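First comes the structure, then the notes that go with it.
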There are 2 protein chains.
Amino acid sequence: MANEQLQEAVNALKKTKVRMTPQRHAILEYLYDSMSHPTADEIYKALESKFPNMSVATVYNNLRVFKEVGIVKELTYGDSSSRFDCVTTDHYHVICSQCGKIVDFHYPGLDEVETLAEHVTGFKVNSHRMEVYGTCPDCSNISKH
Amino acid sequence: MANEQLQEAVNALKKTKVRMTPQRHAILEYLYDSMSHPTADEIYKALESKFPNMSVATVYNNLRVFKEVGIVKELTYGDSSSRFDCVTTDHYHVICSQCGKIVDFHYPGLDEVETLAEHVTGFKVNSHRMEVYGTCPDCSNISKH
DNA sequence: AAATAAATTATAAGAATTATAATGTAAGAA
DNA sequence: TTCTTACATTATAATTCTTATAATTTATTT
């Protein structure tokens, strides 16, 4: 299933002027296989053995390209590294305030919030993002000791 | 009204070990008066004339303190500067993808999302954050030309 | 197979934020 | 009020994430 989505992403890219290079494919593959929310540096390190000469800039460049094409989203966290998330079905993130773990959960898109925001502010709204913060089970257990 | 909230914030700080300094008060005052979402640097520049010797570190230090006490929230935007928002009533933000303008809109807190996230992930959830993205009226008009 | 447009690499630069150490100051105690 | 001390501020340097640049390489088109 991750493979199908990867294929879809590759096809989406072929429709644009974006060329398929080994590095680019590997980054995409890593994003879809890991199903996590890696930072640029995590991706870079993960592919180091396969591409010993790859530059960090390549990772950043490609992530920007993927964002522009709309197949990944960037999750920003202040001065710490951004994380990158494949765009799949409607989901949001729960983030542990202690350890930073990110877990997906599915929830229907909040269309009514978008609509209200449009009416109230006059913006032409096209998307939204939500993060829920709390303490993960692991960190809850630790604090009990 | 901004004044009352400022007073409340000052009182909240007095209950902790946090001392009230002129710089600290000025930063708080700016946050509550401006009712915008300034960056650390904007605050720094705004208070430059009043405190010619103030250090940027002071602004950052205080914003961190305010966050810890829970009177401001940090809004993060990748590698560009964070913005800081006074915690007042339940509201979310609409952000213009073209010019970056941020506008508040009120909406009841999405408690049901938090509850669902708790059940599904086992996290102990305590807050959430949502941003809606679109194009502001100004930028919509420009693109029509 | 040659041409060209795009991608990669290596490196340097930029910007936001934090750490450090010395100095200054708020607030409670004497 | 003055003294004390723990907390704040300042100035500067360091760190970290990300982007820009220029030279080289490579994918696609002709």
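What you see is a predicted model; the values in this text were computed from it and never measured. Below, read A as the first sequence line, B as the second, and so on, with proteins coming before strands; counting in each chain starts at 1.
Axis angle between the ends of the helix from C:dA1-D:dT30 to C:dA30-D:dT1, five pairs each and rounded to 10 degrees, works out to 30°.
In terms of the side chain to side chain donor-acceptor pair (under 3.5 Å) criterion, A:E118 has no residue partners (sequence neighbours excluded). For B:N61, the side chain to side chain donor-acceptor pair (under 3.5 Å) partners two or more places apart in sequence, or in a different chain, are B:R64. Remark: B:D41 pairs with B:K45 by the side chain to side chain donor-acceptor pair (under 3.5 Å) rule, at least two apart or across chains.
Within the 4.5 Å cutoff, no side-chain heavy atoms of B:Q98 are placed close to those of B:D138. Using a 4.5 Å cut-off on side-chain heavy atoms (C-beta onward), A:L31 and A:L63 make contact.
A heavy atom closer than 4.0 Å to some atom of DNA chain C occurs in A:V18, A:R19, these being the qualifying members of residues 11-20 of chain A. The stretch residues 63-71 of chain A has no heavy atom under 4.0 angstrom from DNA chain D at all.
When the side chains of ILVMFWY residues are joined at heavy-atom separations under 4.5 Å, either directly or via intervening members, B:Y133 and B:V94 end up in two distinct hydrophobic clusters. One hydrophobic cluster holds both A:Y30 and A:M54 under the rule that ILVMFWY side chains link at heavy-atom gaps under 4.5 Å. Hydrophobic clustering (ILVMFWY, side-chain heavy atoms < 4.5 Å, transitive): A:L13 and A:F84 are in one cluster.
Counting any heavy atom pair closer than 4.0 Å across all strands shown, A:P22 reaches sugar-phosphate atoms only and no base atom. If you check every strand for non-hydrogen atoms under 4.0 Å, B:N62 touches sugar and phosphate atoms only. Base contact: B:T58 has a heavy atom under 4.0 Å from a base atom.
Within 6.0 Å of the NZ atom in A:K101, the count of heavy atoms belonging to other residues, nucleotides or ligands exceeds 12.
Side-chain atoms of B:E74 and B:S82 form a donor-acceptor pair, as typed in the model, at a separation below 3.5 Å.
Protein atom NE2 of B:H25 is 18 Å distant from nucleotide atom P of C:dT25, rounded to whole Å. What separates CG of B:N53 from C1' of C:dT25 is a distance of 14 Å, to the nearest Å. Distance CG (A:L75) to P (D:dC17): 16 Å, rounded to an integer number of Å. Straight-line distance from the CZ atom of A:F51 to the P atom of D:dT25: 18 Å, rounded to whole Å. Atom pair B:N61:CG and C:dA19:P shows a separation of 9 Å (rounding to whole Å applied). Going from atom NZ of A:K45 over to atom C1' of D:dT16 covers 12 Å, rounded to whole Å. The distance between atom OH of B:Y44 and atom P of D:dT9, rounded to the nearest whole Å, is 14 Å. The distance from atom CD of B:E42 to atom C1' of C:dT17 is 16 Å, rounded to the nearest whole Å.
Considering only the side chain of A:R24, C:dT8 comes nearest among D:dA11, C:dT17, C:dT8. Side chain of A:Y60, nearest nucleotide from C:dA26, C:dA7, D:dT18: D:dT18.
None of B:R24, B:H25, B:K67 except one satisfies the side chain to side chain donor-acceptor pair (under 3.5 Å) rule with B:N62; the exception is B:R24. Here the options are B:H91, B:R129, B:K73, the test is side chain to side chain donor-acceptor pair (under 3.5 Å), and the partner is B:D85; only B:H91 passes.
Close to D:dT26, at under 4.0 Å from its OP1 or OP2, lies no side-chain N or O of A:Q23. For C:dA6, neither phosphate oxygen OP1 nor OP2 lies less than 4.0 angstrom from any side-chain nitrogen or oxygen of A:T21.
With hydrogens and angles left out, the side chain of B:S55 and the base of D:dA11 share a donor-acceptor pair within 3.5 Å.
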